[in-house]
Amino acid sequence: MVQKFGGTSVADCARIEHVADLVCKARRAGDDLVVVVSAMAGETDRLLGLGKSICQRPSLREMDVLLSSGEQVSMALLAIALEKRGQAARSFTGAQVCIRTDRDHGKARIEAIEEGKLRAALADHCVPVVAGFQGVNADGDITTLGRGGSDTTAVALAAALKADECRIYTDVDGVYTTDPRMVPEARRLARITFDEMLELSGQGSKVLQVRAVEFAGKYNVPLRVLSTFKQGQGTLITYEDDVMEAPVVSAIAFNRDEAEITLIGVPDQPGAAFQVLGPVSEAGIVVDMIVQNVARDGRLDFTFTLHRNDYSQAMEILQANLKNSGAQRLVGNDRVVKISLVGVGMRSHSGVATRMFQTLAGQGINIRLVATSEIKISVVVDEKHLEAGVRALHAAFGLHQPQPRNQAAGKGGRAG
Ligand code: ADP
Ligand code: ASP
Ligand code: MG
């Protein structure tokens with residue numbers, strides 16, 4: 001079994017001792033365990049702030065050295081707490097257990113794991129405590145896996161070791177129909193499909209890092225989200241066949257970190273989109289939704305969304321390239337958010353978009369952009385409408401109510 005404990009679960013020494021108790025309990029139950037830890041809550045942000053206080057765009061290599069230190073503190077403290085309890089333990093950095101990644105500092109991808117050291121520790125009846133969120137590239141440099149990346153470390157180790165289950169322990173007791181911090185009426189889901197979880201994580205639900213879900217789906221890792229502080233079954237991420245009856249909308253994700261940029265009056269000719277987006281992607285900026293309207297009088301408007309952190313850089317690049325792209329004007333808005341409905345049941349039901357638009361209209365919320373996939377509908381709205389929009393949609397799609405698949409699987413729950 002692989003157990004991962006997030007930042008709030010290891011926020012201080014008392015909580016680390018509580019985690020040590022949970023680990024010892026699982027060991028007593030006979031499980032061979034590998035434990036993955038995040039940095040103490042707020043620590044990664046603090047380190048990020050330190051780096052940025054010296055330089056606005058610091059070297060990514062050095063930032064990885066800095067940020068990875070947070071996990072190194074918690075892994076050692078947990079190993080000390082385990083040894084105090086008479087449980088042999090050994091802490092390891094990502095490099096020590098050879099979590100090999102590419103060279104993409106700040107968002108590196110895991111390429112291979114050599115599980116020899118972990119197996120040796122397990123053979124010694126020792127609990128390996130591994131630093132999440134970090135790896136090592138072919139040059140021997142420390143890399144980090146992107147925010148929330150300890151989830152991915154845990155799933156990757158579970159895949160490499162062919163663990164029976166990967167358990168993500170956090171500060172909520174499972175995956176809810178939406179973030180229970182925003183909607184207290186949200187319900188815990190006993191199960192959710194990989195496809196749905198992938199969309200939820202991809203659209204901003206930070207309960208699991210999207211790459212962790214990708215990895216678990218690809219390598220068949222049974223994945224469960226549970227609370228460090230409250231006993232329960234949590235939420236199992238599973239295959240669709242295992243879900244009894246899929247509701248049309250299973251959950252709602254939202255993302256506060258959006259920004260939107262429009263180029264007005266782009267010439268309607270082959271290569272127009274490339275002219276606009278080429279320089280942006282060359283700068284390594286990831287673009288999300290792209291909307292191009294029908295041309296009138298030989299010109300069209302071109303809108304795309306991106307992460308808010310990349311907004312000012314993208315605006316600078318586009319302004320510098322305005323003449324080249326042939327656009328007449330550039331306008332941007334970094335006060336927008338995205339709300340997404342997710343559900344595998346959408347594949348076989350119509351009218352979801354209509355109900356979504358009607359619900360938002362009922363709240364006087366203007367929709368700026370829409371994008372759909374087979375099991376998701378996303379809208380971009382002004383940030384001031386986020387909370388009202390999510391609450392209204394959560395109620396309109398019956399997510400407050402108990403639904404068949406939860407009744408079948410057991411009890412629902414409420415965030416405390
Ligand atoms: P950790 O530090 O343990 O990795 P995170 O803060 O990354 O924890 O993720 C847990 C948080 O995810 C919860 O506190 C909750 O606010 C948020 N969250 C967002 N969407 C959901 C959801 N659908 N279900 C449960 N939690 C969610
Ligand atoms: N400590 C890292 C972060 O805050 C990784 C993680 O918590 O998963 O993003
Ligand atoms: Mg997390």
Side-chain angles (χ1 to χ4, degrees), residues 3-11 15 19 36-49 63-64 66-75 94 106-108 130-135 143-156 167-192 196-213 224-230 232 234-235 237 249-257 339-343 386 390 393-394 399 412-416:
Q3 296 187 331
K4 176 254 170 178
F5 295 92
T8 32
S9 309
V10 294
R15 289 189 180 182
V19 166
V36 173
V37 285
S38 290
M40 295 162 110
E43 183 60 10
T44 309
D45 285 334
R46 189 184 74 86
L47 295 168
L48 204 59
M63 283 310 282
D64 275 357
L66 180 63
L67 295 190
S68 63
S69 68
E71 270 69 13
Q72 206 167 321
V73 171
S74 33
M75 77 184 200
K107 47 179 185 239
V130 181
F133 176 57
Q134 56 181 264
T143 54
T144 64
L145 311 179
R147 297 308 302 268
S150 298
D151 297 335
T152 304
T153 305
V155 174
R167 300 194 157 182
I168 306 291
Y169 285 89
T170 182
D171 56 1
V172 275
D173 62 344
V175 178
Y176 276 66
T177 47
T178 193
D179 190 339
R181 288 181 205 284
M182 177 172 298
V183 182
E185 297 85 358
R187 266 185 314 110
R188 182 179 59 85
L189 299 164
R191 287 161 177 258
I192 187 165
E196 288 170 322
M197 197 62 234
L198 208 51
E199 287 284 13
L200 285 180
S201 295
Q203 301 307 321
S205 294
K206 69 168 186 170
V207 61
L208 283 176
Q209 199 200 31
V210 64
R211 282 182 183 174
V213 187
R224 192 182 287 277
V225 175
L226 342 89
S227 166
T228 305
F229 308 105
K230 184 176 155 192
T235 300
I237 324 297
V249 172
S250 296
I252 302 176
F254 54 85
N255 191 352
R256 302 174 195 270
D257 303 321
I339 304 176
S340 306
L341 304 183
V342 173
L386 176 64
V390 172
L393 290 166
H394 196 268
L399 294 177
R414 279 185 178 219

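Everything numeric in this text was worked out from a predicted model, so none of it was measured. Order of appearance sets the numbers: ligands from 1, and atoms from 1 within every ligand.
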Task: For Ser150, atoms of ligand 2 separated by under 4.0 Å from a heavy atom - done: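 Near Ser150, meaning under 4.0 Å from one of its heavy atoms, ligand 2 has 5 (C), 6 (C), 8 (O).
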Donor-acceptor under 3.5 Å ([X] side chain, [Y] main chain):
X: Thr177; Y: Arg187; result: yes
X: Arg211; Y: Lys107; result: yes
X: Ser74; Y: Ser38; result: yes
X: Thr153; Y: Phe133; result: yes
X: Gln134; Y: Gly94; result: yes
X: Ser205; Y: Val207; result: no
X: Arg167; Y: Val225; result: no

Applying a strict 4.0 Å limit to heavy atoms, is [X] in contact with ligand 2?
X: Gly6; answer: no
X: Gly149; answer: yes
X: Glu71; answer: yes

Task: Proximal candidate to atom 3 (C) of ligand 2 [heavy atom criterion; set Lys4, Arg147, Glu43] - done: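 Of the listed residues, Arg147 has the closest heavy atom.
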TODO: Flag the pair Arg181 and Asp171 as a salt bridge only when some basic side-chain nitrogen lies within less than 4.0 angstrom of an acidic carboxylate oxygen.
DONE: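 Judged by the 4.0 Å cut-off on N to carboxylate O distance, Arg181 and Asp171 do form a salt bridge.
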Task: atom 7 (O) of ligand 2: nearest protein contact (heavy atom, Å) - done: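 Protein heavy atom at minimum distance: Ser38 OG, 3.1 Å.
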TODO: Write down, by chain and number, every protein residue that brings a non-hydrogen atom to less than 4.0 Å from an atom of ligand 1.
DONE: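 Within the 4.0 Å shell of ligand 1, which is judged on heavy atoms, sit Lys4, Gly6, Gly7, Thr170, Asp171, Val172, Gly174, Val175, Tyr176, Thr178, Asp179, Pro180, Arg181, Ser205, Lys206, Val207.
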- [ ] May I ask you to check if ligand 2 and Gly148 share an N or O to N or O distance below 3.5 Å?
- [x]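 Yes.
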Task: Any residue meeting salt bridge (charged side-chain N to carboxylate O under 4.0 Å, His left out) with Asp64, in chain and number order, not counting sequence neighbours - done: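 Testing Asp64 for salt bridge (charged side-chain N to carboxylate O under 4.0 Å, His left out), a comparison that skips the adjacent residues, returns none.
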